[in-house]
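Comments concern the structure below.
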Amino acid sequence: MEELMKQEAERFESETQTLQEMLNNNKTNLRAQREQLREQKMWDRFLLCNGTPDPSVQTELNTYTSIEIDETKESTSRDIAGCLGSVEQALDLINELEEVIALDKQLEITENHDTFKKGIENLQQVIEHKVDNVTFNVLKTAENFADPDSLNLLVEKESPPLGSSPP
């Protein structure tokens, strides 16, 4: 009986060691795939060349947010569609930063996360400034948009669905 218990313990130890090796190999492979995905996303971003800043590069994001906020402060535009386009661009940059943070967390990379979060806050400020400015400018000239009978504002604009390009 003792011999059988010893054999069973050895078999259990061997199986446990084999499973542990398989688990470690799977973790290594998963990490390699995630790193490859991260590198591919960085390369795709580099090749994008659409004029938007790379949100993971702090200097580009700071320049973008500063310019957008300065332009908004000086703007007297009532262009709601243009405002929505700028807001959509800022939301795309926020989503891109959130993807970078999520992927980095999976790879246990935490450097620059505070910077990325600050970048998200700055982009949210850009959105607030844009919407507040266009709302202010529309309301300044509300009589132009008012229905003569009911005096209700008739300004209606719709943001394009996410993922589609404007016509």
Side-chain angles (χ1 to χ4, degrees), residues 1-72 80-135 156-167:
M1 182 72 157
E2 205 171 284
E3 181 70 26
L4 187 59
M5 293 287 277
K6 186 177 180 182
Q7 288 176 349
E8 186 64 27
E10 288 175 2
R11 186 184 64 78
F12 178 76
E13 185 65 33
S14 172
E15 286 179 2
T16 303
Q17 188 176 14
T18 303
L19 286 173
Q20 189 63 39
E21 288 173 7
M22 288 173 58
L23 181 63
N24 288 339
N25 286 338
N26 287 343
K27 283 182 180 180
T28 302
N29 290 340
L30 181 62
R31 182 169 180 85
Q33 287 177 349
R34 287 179 176 162
E35 286 175 355
Q36 185 179 13
L37 176 65
R38 183 174 190 255
E39 289 174 9
Q40 183 64 44
K41 284 190 175 282
M42 290 171 64
W43 180 248
D44 290 344
R45 181 63 173 123
F46 177 76
L47 293 178
L48 192 57
C49 297
N50 65 354
T52 60
D54 182 350
S56 63
V57 178
Q58 187 63 35
T59 54
E60 289 183 29
L61 193 59
N62 285 345
T63 302
Y64 172 80
T65 54
S66 296
I67 289 171
E68 287 292 314
I69 288 174
D70 289 345
E71 285 178 358
T72 302
I80 295 171
C83 174
L84 291 177
S86 296
V87 166
E88 185 176 353
Q89 186 178 37
L91 287 173
D92 288 343
L93 294 173
I94 289 171
N95 289 337
E96 199 171 328
L97 274 175
E98 288 173 343
E99 286 178 10
V100 169
I101 290 172
L103 190 57
D104 282 359
K105 281 184 181 178
Q106 291 174 349
L107 293 171
E108 299 172 0
I109 299 172
T110 57
E111 63 186 53
N112 295 329
H113 280 207
D114 291 336
T115 305
F116 294 158
K117 288 177 183 176
K118 182 68 175 165
I120 289 172
E121 291 172 10
N122 290 342
L123 288 167
Q124 289 171 337
Q125 285 180 343
V126 167
I127 292 171
E128 288 176 21
H129 283 285
K130 290 279 186 187
V131 172
D132 287 349
N133 185 56
V134 79
T135 302
E156 287 184 346
K157 295 291 178 183
E158 189 173 305
S159 178
L162 292 178
S164 67
S165 59

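It should be emphasised that the depicted structure is a prediction, and the values quoted were computed from it without experimental measurement. We count residues from 1, following the sequence as given.
Screening residues 104-123 for ring-ring contact (aromatic ring centres under 6.0 Å, His included) gives no qualifying pairs among residues at least two apart or on separate chains.
Atom OH of residue Tyr64 and atom CD1 of residue Ile69 lie 10.0 Å apart, to the nearest 0.5 angstrom. Here the CD atom belonging to Glu60 is positioned 10.5 Å from the CD atom belonging to Gln58, to the nearest 0.5 angstrom. Here the CD-CG distance, from Glu39 to Leu103, works out to 10.5 Å after rounding to the nearest 0.5 Å. In this structure, the separation between CD on Gln106 and CG on Leu37 is 8.5 Å, given to the nearest 0.5 Å. Atom CG of Asn25 is separated from atom CG of Leu30 by 12.5 Å, given to the nearest 0.5 angstrom.
Asn29 and Gln33 share no donor-acceptor pair across their side chains, judged by distance under 3.5 Å alone.
The closest side-chain heavy-atom distance from Leu97 to Leu61 is below 4.5 Å. Looking only at side-chain heavy atoms (C-beta outward), Gln20 and Leu23 come within less than 4.5 Å of each other. Using a 4.5 Å heavy-atom threshold, the side chains of Pro53 and Leu93 count as touching.
Ion pair Arg31/Glu35 flagged as a salt bridge, since at least one NZ, NE, NH1 or NH2 atom sits closer than 4.0 Å to an Asp/Glu carboxylate oxygen. Ionic pairing of Glu8 and Arg11 is present here: one or more N-O contacts between side-chain nitrogen and carboxylate oxygen are shorter than 4.0 angstrom.
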Cut-off 3.5 Å, no hydrogens considered: what does the side-chain donor-acceptor table look like for residues 120-128, sequence neighbours left out?
none

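Every salt bridge (Lys or Arg N to Asp or Glu O under 4.0 Å) that Glu99 has, sequence neighbours left out, goes to Lys41.
Remark: the backbone N or O of Glu68 is paired with a side-chain donor or acceptor of Thr72 at under 3.5 angstrom.
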